[in-house]
Amino acid sequence: MQLENIQDGSTVYVLKTGDAGAKRLELQHGMMNQHSYDRLQKEGLSKGKIVWDIGCGNGLMTAYLARKVGETGHVYALDISEDQLRLAKERVESEGFNNVTFVKEDITCATSLPRESADIIYSRYLLTHVQNPASVVEAMKNLLKPGGVVINQESILGAHQSSYQKDILTDILNARIALSKSRGLDYSVGNRLKSLYEQAGFSKVSSEIIDVFPCAKDLKFLFLMHIDEWKNKAIEAQIATSEQISLWKETIQSAPEDQPFLPVSFVYAIARKT
């Protein structure tokens, strides 16, 4: 098990990493993990496969991938954040896996990554947080073996309207979208996910929109954690005031917990390399 290629982290990521962001990622993972598991197995995840987990975060999917490929397979977990990789390494080690290599790298700048080494590339909410998604897709293509497959899951923020305090929830989502745009990001990149892979020359590209309806209690916590993580950046960018953010948090805290008030929507792209 290794930790390779240390370099600076992202300057555009607006959420917290490491321990500070771990609870949010765990809650988010719980809302979509079964969809991810099912999709990976449908696309051929099995013993002996070589899998790259791009933007692995704190390793929630890395450990699952390591279990599925077994001792005859291998997982490469790549992230730009040293804090995230530290947590991922701790998680994988605690579960007793020794078939994971950790790589701290920006995939678009890397020149030493092994070309055509991956049977499967998995990525969740990575393109949402990069300024040039097309360059990431091209780098994935270089990593993939002929006949290999990319399974990429991205957000489509603002795709639905809330059933609770519609105007205020819309204001919160619009503020997040505006903050992402101010940093050259696209929090609704899922809307163009299929075309990104088609333009990169992948074959047999398909996409599917998934709507998850988490329990209102979990959704409230997720919203509040998100707001706390990006509120200072939104104020600095003059996208929201501290008074607006206080109102938003009060509104979310008052939301009923007996029914979901907003679906979580994301898009899968499945792309094969000929």
Side-chain angles (χ1 to χ4, degrees), residues 10 12-15 17 21 24-25 27-40 42-43 45 51-58 60-62 64-65 77-81 84 106-108 118 120-141 143-144 149-160 173-174 176-181 183-202 204-214 222 226 229-230 262-273:
S10 172
V12 298
Y13 189 72
V14 301
L15 300 176
T17 60
R24 169 183 48 79
L25 288 176
L27 185 57
Q28 186 173 279
H29 177 71
M31 294 178 181
M32 60 189 70
N33 58 358
Q34 194 57 55
H35 292 281
S36 302
Y37 301 160
D38 292 346
R39 178 61 64 183
L40 279 158
K42 182 178 180 180
E43 299 302 329
L45 179 64
V51 181
W52 280 77
D53 184 5
I54 307 295
C56 67
N58 60 5
L60 287 160
M61 286 299 295
T62 308
Y64 169 79
L65 294 169
L78 182 148
D79 204 282
I80 200 169
S81 166
Q84 298 292 65
D106 179 341
I107 188 173
T108 63
I120 296 172
I121 292 176
Y122 175 77
S123 185
R124 175 194 287 171
Y125 289 177
L126 171 64
L127 303 187
T128 301
H129 299 293
V130 298
Q131 292 177 320
N132 187 355
S135 67
V136 176
V137 172
E138 186 64 33
M140 288 179 178
K141 186 180 178 184
L143 274 177
L144 202 62
V149 62
V150 175
I151 298 124
N152 185 192
Q153 178 182 344
E154 297 293 340
S155 67
I156 41 175
L157 196 65
H160 295 281
L173 294 176
N174 285 343
R176 285 185 61 194
I177 292 169
L179 181 58
S180 73
K181 288 182 177 179
R183 294 182 169 230
L185 308 177
D186 181 3
Y187 274 23
S188 295
V189 70
N191 288 327
R192 55 192 178 100
L193 196 56
K194 186 171 184 285
S195 65
L196 281 168
Y197 283 93
E198 289 173 338
Q199 290 165 13
F202 281 83
K204 299 180 181 178
V205 182
S206 63
S207 63
E208 179 183 7
I209 297 176
I210 303 292
D211 295 329
V212 176
F213 293 85
L222 187 62
H226 266 287
E229 289 183 31
W230 55 256
L262 186 73
V264 174
S265 301
F266 53 89
V267 176
Y268 278 112
I270 312 297
R272 292 195 176 272
K273 178 180 177 180

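Between Glu154 and Leu126, some side-chain heavy-atom pair lies under the 4.5 Å cut-off. You'll find the side chain of Ile54 reaches within 4.5 Å of the side chain of Leu143, heavy atoms only. By the 4.5 Å heavy-atom criterion applied to side chains, Trp52 and Ser123 are not counted as neighbours. Side-chain contact between Met32 and Arg124: present, with at least one pair of heavy atoms (C-beta onward) separated by less than 4.5 Å. The shortest side-chain heavy-atom distance between Glu208 and Val267 does not fall under the 4.5 Å cut-off.
Rounding to the nearest 0.5 Å places CG of Leu127 at 5.5 Å from OH of Tyr197. Separation of atoms CE (Met140) and OG (Ser135) is listed at 10.0 Å; rounding is to 0.5 Å. Separating the CZ atom in Arg176 from the NZ atom in Lys181 is a distance of 14.0 Å, to the nearest 0.5 Å. The OH atom of Tyr187 sits 12.0 Å away from atom CG of Leu173, with the distance rounded to the nearest 0.5 Å. To the nearest 0.5 angstrom, Arg39 atom CZ is 6.0 Å from Glu43 atom CD. Interatomic distance, Leu78 CG to Thr62 OG1, rounded to the nearest 0.5 Å: 10.0 Å.
Using modelled atom types, one side-chain atom of Ser195 and one backbone atom of Arg192 make a donor-acceptor pair closer than 3.5 Å. A distance-only check finds a donor-acceptor pair linking the side chain of Lys273 to the backbone of Leu144 [under 3.5 Å]. The backbone N or O of Gln84 sits less than 3.5 Å from a side-chain atom of Ser81, completing a donor-acceptor pair. Side-chain N or O atoms of Asp79 include one that pairs as donor or acceptor with a backbone N or O of Gly57 at under 3.5 Å. Judged purely by atom type and a 3.5 angstrom limit, Asn152 has no side-chain atom pairing as donor or acceptor with the backbone of Ala269. Here the side chain of Ser265 pairs no donor or acceptor atom with the backbone of Ile156 at under 3.5 angstrom.
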- Step by step, would you call Thr128 with Ser155 a side chain to side chain contact (heavy atoms under 4.5 Å, CB included)? CA-CA 7 Å; Thr128 301; Ser155 67; 3.4 Å; yes
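No side-chain donor-acceptor contact under 3.5 Å links Tyr64 and Asn33.
Closest approach of Ile177 and Ser180 over heavy atoms only: O-OG, 2.6 Å. Between Ser36 and Met61, the shortest heavy-atom contact is CB-CE, 3.9 Å. Across all non-hydrogen atoms, the minimal contact from Ser207 to Lys194 is OG-CD, 3.6 Å.
Evaluated for a side-chain contact (heavy atoms from CB on, under 4.5 Å) with Phe202, the options Ile270, Val150, Leu196 yield exactly one hit, Val150.
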